[in-house]
Amino acid sequence: MITTLVLTEPIFQELEQTAKLPLETAGVLLAGIARAPNGDIRLLARQMHWVPQNAYLAREGDHLAIASQGYVPALAEAERLGAIPIWFHTHPGAIGHPTPSIADRKVDREIADLFRLRSGSELYVTLIASPRDNGIAFTGEVHWEDGGKVAIDRVWRVGDKWQLINSFNSEAPQIPAIFDRSVRAFGPDIQQTLGQLRVGVVGCGGPARPSPSSL
């Protein structure tokens, strides 16, 4: 099962610019959900709601504390839209690691039920981002009420520029030798992206009619 978060270009740019700030920053990303027959999950980003400045109780480069009014309105909007709220925050710094800290895990335990209750969603979803030269590095998780969870495996950046970003913790699969020429021509990153695409060919037509010259 693969879990993908799809971000439109404007939302991706918001997250990218916010990840570059020197202070930790948080917000709630509202998303729709689509489940494939094979179990794959796609979270489709719709709106970003940032925590207002006056809701931060503490805000530094390596930690933050937020009053509930900083995110509860976004949960109400998620319920109104039938959306899933994704708890987002940054780990700043060019070499920052977007992996959950002990403090992050404690916050998750404290707010997960509130997020589900106030939004009406069965899921509690997290996303952490750090800045990188080519965009962001991220990790994320989808938590179910029964305690089960899966990682967000990749982010699709969709717009004038398309970009597929694997999770910070992912290990890229070995590229088969048959694709050696493609790797040498375009590089391993492009080949890895191509290998993760699913392509559908759709067309329509009718029976061919013989031309007069062929009769």
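Atom set for the values below is all heavy atoms of this structure, side chains included, hydrogens, waters and symmetry mates excluded. Because the structure is a prediction, the values reported are computed rather than measured.
For H143, the ring pair (Phe, Tyr, Trp, His ring centres under 6.0 Å) partners at least two apart in sequence or on another chain are Y124. The ring pair (Phe, Tyr, Trp, His ring centres under 6.0 Å) search around F88 returns W50, not counting sequence neighbours. With sequence neighbours excluded, no residue forms a side-chain hydrogen bond (donor to acceptor under 3.5 Å, both in side chains) with Q69.
The minimum heavy-atom distance linking A58 with H63 is given by the pair CB-NE2, 4.3 Å. The shortest non-hydrogen separation linking L81 to Q47 is CD1-NE2, 3.4 Å. Among all heavy-atom pairs drawn from G70 and P52, the shortest one is O-CD, 3.8 Å. For the pair L123 and S121, the tightest heavy-atom approach, listed with the atom from each and the gap, is N-OG, 3.0 Å. Contact record, A26 with I66: CB-CD1, 3.6 Å, taken as the closest heavy-atom pair. When every heavy atom of L64 is checked against every heavy atom of Y56, the shortest pair comes out as CD2-CE2, 4.2 Å.
Proximity of a side-chain donor or acceptor of R132 to a complementary backbone N or O of A94 within less than 3.5 Å is detected. Remark: the backbone N or O of T3 is paired with a side-chain donor or acceptor of D153 at under 3.5 angstrom. Formation of a donor-acceptor pair under 3.5 Å by the T139 side chain with backbone atoms of P98 is found in this model.
Cluster annotation: I33 and W144 are assigned to the same hydrophobic cluster (Ile/Leu/Val/Met/Phe/Trp/Tyr, side-chain heavy-atom contacts under 4.5 Å, transitive). L30 and L127 fall into different hydrophobic clusters, where Ile, Leu, Val, Met, Phe, Trp and Tyr side chains are chained together by heavy-atom contacts under 4.5 Å. In the hydrophobic clustering of this structure, L15 does not group with V158; members are Ile, Leu, Val, Met, Phe, Trp, Tyr whose side-chain heavy atoms approach within less than 4.5 Å, directly or through other members.
The residues E77 and R118 are annotated as not salt-bridged, no charged nitrogen and carboxylate oxygen being separated by less than 4.0 angstrom.
Side-chain contact between E141 and V125: absent, with no pair of heavy atoms (C-beta onward) separated by less than 4.5 Å. Proximity of S119 to P85: side-chain heavy atoms (C-beta onward) are separated by under 4.5 Å at one or more points. Between I86 and L5 there is a side-chain heavy-atom pair separated by less than 4.5 Å. The shortest side-chain heavy-atom distance between I102 and D104 does not fall under the 4.5 Å cut-off. Side-chain atoms of F138 and S167, non-hydrogen and from C-beta on, do get closer than 4.5 Å to each other. Within the 4.5 Å cutoff, the side chain of L114 has heavy atoms near those of the Y71 side chain. Contact of the F12 side chain with the I136 side chain is registered, since non-hydrogen atoms from C-beta on lie closer than 4.5 Å. Between I128 and T99 there is no side-chain heavy-atom pair separated by less than 4.5 Å.
For L57, the CG atom sits in a packed shell: over 12 heavy atoms of surrounding residues, nucleotides or ligands are nearer than 6.0 Å. A 6.0 Å sphere centred on CZ of R116 holds more than 12 heavy atoms belonging to other residues, nucleotides or ligands.
Atoms OG1 and CG, from T4 and L44 in turn, are 9.5 Å apart once rounded to the nearest 0.5 Å. To the nearest 0.5 Å, atom OG of residue S68 and atom CG of residue L75 are 10.0 Å apart. Atom CG of residue D108 and atom CZ of residue F115 lie 9.5 Å apart, to the nearest 0.5 angstrom. Once rounded to the nearest 0.5 Å, the distance linking CZ of F168 with NE2 of H97 reads 4.5 Å. The CD1 atom of I152 lies 12.5 Å from the CD1 atom of I165; values are rounded to the nearest 0.5 Å. With rounding to the nearest 0.5 Å, the separation of NE2 in H89 from CD in E24 is 5.5 Å.
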- Task: Kindly indicate, with the supporting measurements, whether the criterion side-chain contact (heavy atoms from CB on, under 4.5 Å) is fulfilled by N134 and Q163.
- Result: CA-CA 10 Å; N134 63 341; Q163 183 181 11; 4.1 Å; yes
- Item | Residue pair R35, D40: steps toward the side-chain contact (heavy atoms from CB on, under 4.5 Å) verdict | CA-CA 6 Å; R35 293 181 172 89; D40 287 358; over 6 Å; no
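One side chain, E9 or Q13, offers a donor N or O that lies under 3.5 Å from an acceptor on the other. Between the side chains of D62 and H91, no donor-acceptor pair of N or O atoms lies under 3.5 Å. For the residue pair T25/R59, the side-chain donor-acceptor check at 3.5 Å is satisfied.
When each of L7, L29, I84, V6 is tested with L43 by the rule side chain to side chain contact (heavy atoms under 4.5 Å, CB included), just one qualifies, namely I84.
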